[in-house]
Undergrad: 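This structure is in structure tokens; I'll ask about it shortly.
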2 protein chains.
Amino acid sequence: MSPENKKGLKRLPLEGVMVLEFCQYLSGPSAGLRLADLGARVIKVENPGKGDLCRILPIKNQWVGEDSLLFHTINRNKESYTANLKSETEQAGVKQLIQKADVLMHNFRPGVMEKLGLGYQQVKAINPAIVFAEISGYGEAGPWAKKPGQDLLLQAMSGLMYTSGDQSHGPAPFGLAIGDMLCGAQAVQGILAGLVHRKRTGKGSRITLSLLESLLDMQFEVLTTYFASGKRPLRSAVNNAHPLLGAPYGVYPTKDSHLAIAMIPIWPLREALDCAGLEEFDQSKVFSHRDEIKQVLADYLKTETTDHWLTKLRESGLWAMDVKDWKALKKTEGYQHARLEQELKLADGQRIRTTRCPIQIDGEVLFSERPAPGLGEHTASIKEEFK
Amino acid sequence: MSPENKKGLKRLPLEGVMVLEFCQYLSGPSAGLRLADLGARVIKVENPGKGDLCRILPIKNQWVGEDSLLFHTINRNKESYTANLKSETEQAGVKQLIQKADVLMHNFRPGVMEKLGLGYQQVKAINPAIVFAEISGYGEAGPWAKKPGQDLLLQAMSGLMYTSGDQSHGPAPFGLAIGDMLCGAQAVQGILAGLVHRKRTGKGSRITLSLLESLLDMQFEVLTTYFASGKRPLRSAVNNAHPLLGAPYGVYPTKDSHLAIAMIPIWPLREALDCAGLEEFDQSKVFSHRDEIKQVLADYLKTETTDHWLTKLRESGLWAMDVKDWKALKKTEGYQHARLEQELKLADGQRIRTTRCPIQIDGEVLFSERPAPGLGEHTASIKEEFK
């Protein structure tokens with residue numbers, strides 16, 4: 001952490017921006033986290049009963065105090081304000097906050113905020129310059145609007161599961177909640193574009209995103225190819241790593257571990273590896289004979305160690321990499337140099353180690369040791385501040 | 001497309017923002033595309049010889065005119081200005097553009113722009129208020145700074161390949177260039193935060209990102225769990241879909257296709273499916289007996305069709321989904337309703353069908369039919385405009 005960050009002297013880009021986050025689980029809260037790390041003041045508005053349901057969603061059964069470790073990880077650097085939105089009195093307090101806010105974001109199902117009297121038209125009447133962002137599963141209207149917006153289900157129905165794994169496998173999910181994360185990232189884009197627009201025009205706006213649109217956007221390459229050819233891009237039968245790329249692109253078992261090989265032209269690859277089996281193929285065959293080329297290579301690479309092949313490929317300036325797990329990664333100098341880890345300090349003195357904001361500004365790594373708030377931890381102080 | 005978009009009457013949030021894109025391939029250009037779709041004027045500054053090397057990178061051997069289909073897809077809605085950056089005269093023209101620009105972004109390897117005389121300090125001397133964004137593979141310095149910043153290689157060394165696929169599988173890549181896309185999305189966040197900051201303070205800033213930081217950020221859940229437990233989260237042996245989530249989370253083969261099942265508590269699941277084999281497990285076992293529970297379920301779900309199970313689960317309000325490929329997806333009403341597709345009109349009258357910007361503003365879907373520029377297509381007109 002730079003001394004400037006620590007002392008709060010360094011001005012972060014979003015300082016002075018106030019965000020109300022009516023969000024739960026991952027997509028919306030991940031957007032709030034990024035805005036907070038970039039300097040915004042992010043207030044989670046939570047139900048006084050359970051709050052963000054992510055507080056009780058365990059991952060690997062890990063808990064910190066009363067909340068799940070996941071909740072801590074994704075809601076650090078925020079404040080928590082509880083209000084029963086169905087109570088007129090308590091909603092009046094929320095409306096006072098809305099008057100002062102620059103951004104309001106929510107990821108309730110379509111219609112929920114409107115029923116509470118906090119839809120865009122209602123909020124706009126209170127604060128016409130607000131940037132109002134909504135994340136849904138499938139859009140605010142249409143035949144799918146009421147479906148549950150859950151990451152794995154969206155991966156399943158968006159075609160994404162036909163990009164990973166080999167052709168003979170069934171559909172293969174990405175092993176992380178990628179729809180939630182990408183949609184959250186795009187929500188930040190929309191919100192910040194809305195703030196730029198407001199600085200210029202004085203006008204607020206409404207930003208709408210859905211997991212469906214985000215997951216289809218992520219597949220723009222495969223979809224455009226499918227639109228053009230009418231044929232579904234097929235995953236490789238051998239070591240698939242991208243359904244649109246030719247041989248040798250993929251991850252190969254070696255004598256002792258695994259080797260990732262990027263887009264390397266066939267002849268330099270044959271030369272570097274001294275692989276006679278590749279002689280019958282040239283560059284014109286990397287799409288038409290993708291699986292045959294990859295099979296020859298797969299059989300050959302099994303005969304020696306990853307280091308053996310890496311040395312040969314790197315001597316020839318060709319792009320390859322050994323495959324690491326987190327334990328191996330953490331031991332590397334490069335990982336240490338990147339300073340990706342940071343510690344959060346909880347009120348009870350406990351510490352949680354997590355990752356930091358990936359964006360650096362003016363050469364500075366952005367750390368924030370501020371933990372996730374307890375449910376309603378800041379209700380009283382915020383009421384006092386805005387009364 | 002709304003009539004307002006078509007006629008250019010609708011004001012997009014980033015109108016008036018001028019971006020110089022010194023980028024190639026996917027990460028930087030995907031950021032430029034988003035800024036363009038949100039209303040910025042994005043000028044690709046390209047080498048007069050070959051330009052962005054993505055122009056000659058085929059995917060599935062598909063070409064449109066002289067450029068690859070991929071290039072068209074990701075560089076639509078931009079202008080192209082060619083200049084030999086090693087020529088003093090031609091660089092002088094570029095510096096005139098820099099004086100007028102709001103944003104400059106590049107994804108060259110560290111040191112390249114500095115050698116050309118276009119590093120941040122040099123550009124800042126010309127335009128102190130510019131937002132200068134740099135994307136690298138592994139950061140601008142450190143032991144890995146000179147490594148090739150390629151998506152698959154970064155997936156390999158960042159630990160990501162231990163999140164997808166089953167435990168008995170080797171490391172499994174995500175089947176799309178997810179590092180490039182996420183890093184591009186975060187570059188847009190940093191750039192827009194820089195613009196918000198500039199509107200408030202009048203000051204420019206330098207935004208730095210790397211594929212490494214983006215891919216580690218994407219793994220914040222698994223990494224935080226690993227930091228806390230010291231144990232590597234293991235993928236399920238059966239139908240893995242997320243290494244941190246308990247049974248039944250995963251994708252299951254059925255009699256006729258596949259079924260995705262999200263976080264459903266064990267007892268309601270047993271009731272809904274009438275699955276006696278689940279009787280010996282309760283909710284306390286979903287992590288400790290993850291694979292056993294999933295195996296019981298996998299064996300049982302094979303006996304009937306996806307529709308059969310979906311009906312039962314949905315009747316009980318439980319979260320499940322059939323798995324679709326792009327062909328099946330395109331036929332659905334929900335997909336049609338989302339209007340994700342748009343057509344680009346090329347100068348020669350040819351049309352390309354691709355996807356649109358996933359962010360909606362004020363309830364409007366943002367379309368843009370403007371195609372990718374030919375190499376240097378706008379050099380003369382831009383020179384005239386800024387002379």
Undergrad: Which atoms of B:Ala320 come close to chain A, meaning under 4.5 Å heavy atom to heavy atom: side chain ones, backbone ones, both, or neither?
TA: backbone
Undergrad: Go through the steps to decide whether A:Gln360 and A:Leu366 satisfy the test side-chain contact (heavy atoms from CB on, under 4.5 Å), and finish with yes or no.
TA: CA-CA 6 Å; A:Gln360 297 186 30; A:Leu366 306 184; over 6 Å; no
Undergrad: Does any non-hydrogen side-chain atom of B:Val365 lie less than 4.5 Å from one of B:Arg356?
TA: yes
Undergrad: What do the steps show when you test B:Tyr335 against B:Glu341 for side chain to side chain donor-acceptor pair (under 3.5 Å), and what is the final call?
TA: CA-CA 10 Å; B:Tyr335 178 83; B:Glu341 298 181 19; 2.7 Å; yes
Undergrad: Looking at A:Thr332, A:Leu329, A:Val323, which one has more heavy-atom pairs under 4.5 Å with chain B than the rest?
TA: A:Val323
Undergrad: In terms of heavy-atom pairs under 4.5 Å with chain B, which of A:Leu14, A:Leu26, A:Thr73 leads?
TA: A:Thr73
Undergrad: Can you tell me which of B:Ser205, B:Pro173, B:Pro171 forms the most heavy-atom pairs within a distance under 4.5 Å of chain A?
TA: B:Pro171
Undergrad: Less than 4.5 Å to any heavy atom of chain A: does that hold for the side chain of B:Gln186, its backbone, both, or neither?
TA: both
Undergrad: If we only count heavy atoms from C-beta on, is the B:Ile207 to A:Ile359 side-chain gap below 4.5 Å?
TA: yes
Undergrad: Quick check on the interface: out of A:Asp217, A:Val251, A:Thr355, who has the most heavy-atom pairs with chain B under 4.5 Å?
TA: A:Asp217
Undergrad: Mind checking whether A:Leu340 and B:Glu213 have side chains closer than 4.5 Å, heavy atoms only?
TA: yes
Undergrad: With respect to chain A, which residue among B:Leu38, B:Asn240, B:Leu216, B:Asp151 yields the maximal number of heavy-atom pairs within a distance under 4.5 Å?
TA: B:Leu216
Undergrad: May I ask you to decide if B:Trp319's main-chain N or O and A:Gln150's side chain share a donor-acceptor pair within less than 3.5 Å?
TA: no
Undergrad: At a heavy-atom separation under 4.5 Å, does B:His258 approach chain A through its side chain, its backbone, both, or neither?
TA: side chain
Undergrad: Heavy-atom distance under 4.5 Å to chain A: side chain of B:Arg34, backbone, both or neither?
TA: side chain
Undergrad: Non-hydrogen atoms of chain A under 4.5 Å away: do they reach the side chain of B:Met218, the backbone, both or neither?
TA: both
Undergrad: Would you confirm whether A:Gln155, through its side chain, and A:Phe174, through its main-chain N or O, come within 3.5 Å as a donor-acceptor pair?
TA: yes
Undergrad: Could you pull out the closest heavy-atom pair between B:Ala193 and A:Pro13, with the gap in Å?
TA: O-CB, 3.5 Å
Undergrad: For A:Lys203, is it the side chain, the backbone, both, or neither that has a heavy atom closer than 4.5 Å to a heavy atom of chain B?
TA: neither
Undergrad: If I measure from the heavy atoms of chain A, does B:Pro233 come under 4.5 Å with its side chain, its backbone, both, or neither?
TA: both
Undergrad: Pick one of side chain, backbone, both or neither for B:Tyr162, based on which atoms fall under 4.5 Å of a heavy atom in chain A.
TA: both
Undergrad: With only heavy atoms counted, which part of B:Met157 is less than 4.5 Å from chain A, the side chain, the backbone, both or neither?
TA: both
Undergrad: Side-chain contact test, heavy atoms from C-beta onward, threshold under 4.5 Å: evaluate it for A:Trp63 versus A:Leu69 and give yes or no.
TA: no
Undergrad: Are the side chain of A:His337 and the backbone of B:Ala141 linked by a donor-acceptor contact shorter than 3.5 Å?
TA: yes
Undergrad: Please flag which part of B:His72 lies under 4.5 Å from any non-hydrogen atom of chain A: side chain, backbone, both or neither.
TA: neither
Undergrad: Looking only at atom types and distance, does a side-chain atom of A:Glu364 sit under 3.5 Å from a main-chain N or O of A:Ile361, one as donor and one as acceptor?
TA: no
Undergrad: Please classify the contact of A:Leu223 with chain B as side chain, backbone, both or neither, using a heavy-atom distance under 4.5 Å.
TA: side chain
Undergrad: Given heavy-atom pairs under 4.5 angstrom as the criterion, report whether the side chain, backbone, both or neither of B:His197 touches chain A.
TA: both
Undergrad: For chain B, which candidate among A:Ile178, A:Leu195, A:Leu154 shows the most heavy-atom pairs at distances under 4.5 Å?
TA: A:Ile178
Undergrad: Contact part of B:Ala172 toward chain A, heavy-atom cut-off under 4.5 Å: side chain, backbone, both or neither?
TA: neither
Undergrad: Of the backbone (N, CA, C, O) and the side chain (C-beta and beyond), which part of A:Asp322 lies under 4.5 Å from a heavy atom of chain B, both, or neither?
TA: backbone
Undergrad: Counting heavy-atom pairs under 4.5 Å to chain A, which of B:Pro243, B:Gly139, B:Ala133 comes out on top?
TA: B:Pro243
Undergrad: Between B:Val64, B:Leu70, B:Leu209, who has the most heavy-atom pairs with chain A when the cutoff is under 4.5 Å?
TA: B:Leu70
Undergrad: B:Phe132 versus chain A, heavy atoms under 4.5 Å apart: side chain, backbone, both or neither?
TA: neither
Undergrad: Run the side chain to side chain donor-acceptor pair (under 3.5 Å) test on B:Gln219 and A:Trp326 for me, step by step, so that the C-alpha distance in whole Å, both residues' side-chain angles and the decisive distance to 0.1 Å come before the verdict.
TA: CA-CA 10 Å; B:Gln219 297 178 84; A:Trp326 303 293; 2.8 Å; yes
Undergrad: With a 4.5 angstrom heavy-atom cut-off, which part of B:Ile261 approaches chain A: side chain, backbone, both or neither?
TA: backbone
Undergrad: Looking at side-chain heavy atoms only, is the closest gap between B:Trp144 and A:Glu333 below 4.5 Å?
TA: no
Undergrad: Counting heavy-atom pairs under 4.5 Å to chain B, which of A:Leu35, A:Leu182, A:Ile74 comes out on top?
TA: A:Ile74
Undergrad: Side chain from CB out, backbone as N, CA, C, O: work out which of these in B:Val286 comes under 4.5 Å of a heavy atom of chain A, or both, or neither.
TA: neither
Undergrad: Checking B:Thr254 side chain against B:Ser257 main chain: does a donor-acceptor pair fall under 3.5 Å?
TA: yes
Undergrad: Hey, which of B:Gly165, B:Pro253, B:Pro148 has the most heavy atom pairs under 4.5 Å with chain A?
TA: B:Pro148
Undergrad: State, yes or no, whether a side-chain contact exists between A:Arg198 and A:Asp102 at a heavy-atom distance under 4.5 Å.
TA: yes
Undergrad: Can you say whether A:Tyr226 sits under 4.5 Å from chain B via the side chain, the backbone, both, or neither, judging by heavy atoms?
TA: side chain
Undergrad: Could you tell me whether A:Arg206 and A:Glu140 have a side-chain N and a carboxylate O separated by less than 4.0 Å?
TA: yes
Undergrad: Main chain of A:Leu160, side chain of A:Thr163: is a donor-acceptor contact present, judged purely on distance under 3.5 Å?
TA: yes
Undergrad: May I ask you to name which of A:Arg200, A:Arg235, A:Glu221 has the most heavy-atom pairs under 4.5 Å with chain B?
TA: A:Arg200
Undergrad: If you count heavy-atom pairs within less than 4.5 Å of chain A, which of B:Ser229, B:Ser214, B:Pro143, B:Ala260 leads?
TA: B:Pro143
